[in-house]
Amino acid sequence: MTTTRLHVDRERCIGAGMCALTAPEVFDQDPDDGLVLLLHAEPPSAHRAAARMAAGVCLSGAITLREPEPGGS
């Protein structure tokens, strides 16, 4: 079974921090440069909705989310 998978592009990130504010269990910000840190590439089900929302509010589009295909394996 395939699970929700996240990817971050730190080169694209502008350090706005919306991801860490929206889903602090999944994302953080690097204390040195302020860019996104991905804590869980495959977030647990309890945090998937927040991760999805964080990807949607990312100002630079640095977060991509791959969801499993419905009915797929």
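- Listed by chain and number, the hydrophobic cluster partners of Ile63 are Leu6, Val8, Val26, Phe27, Val36, Leu38, Leu65, where partners are ILVMFWY side chains within reach of under 4.5 Å, directly or through others.
- For residues 15-31, the set of pairs meeting the salt bridge (charged side-chain N to carboxylate O under 4.0 Å, His left out) definition, not counting sequence neighbours, comprises Arg10-Asp30.
- Listed by first and then second residue, the salt bridge (charged side-chain N to carboxylate O under 4.0 Å, His left out) pairs involving residues 46-65 are Arg52-Glu67 (not counting sequence neighbours).
- Under the salt bridge (Lys or Arg N to Asp or Glu O under 4.0 Å) criterion, Glu42 pairs with Arg5, sequence neighbours left out.
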Which pairs of donor and acceptor atoms, one on a side chain in residues 55-62, lie under 3.5 Å apart (sequence neighbours left out)?
| from | atom 1 | to | atom 2 | distance (Å) |
| --- | --- | --- | --- | --- |
| Ser60 | OG | Arg12 | O | 3.3 |

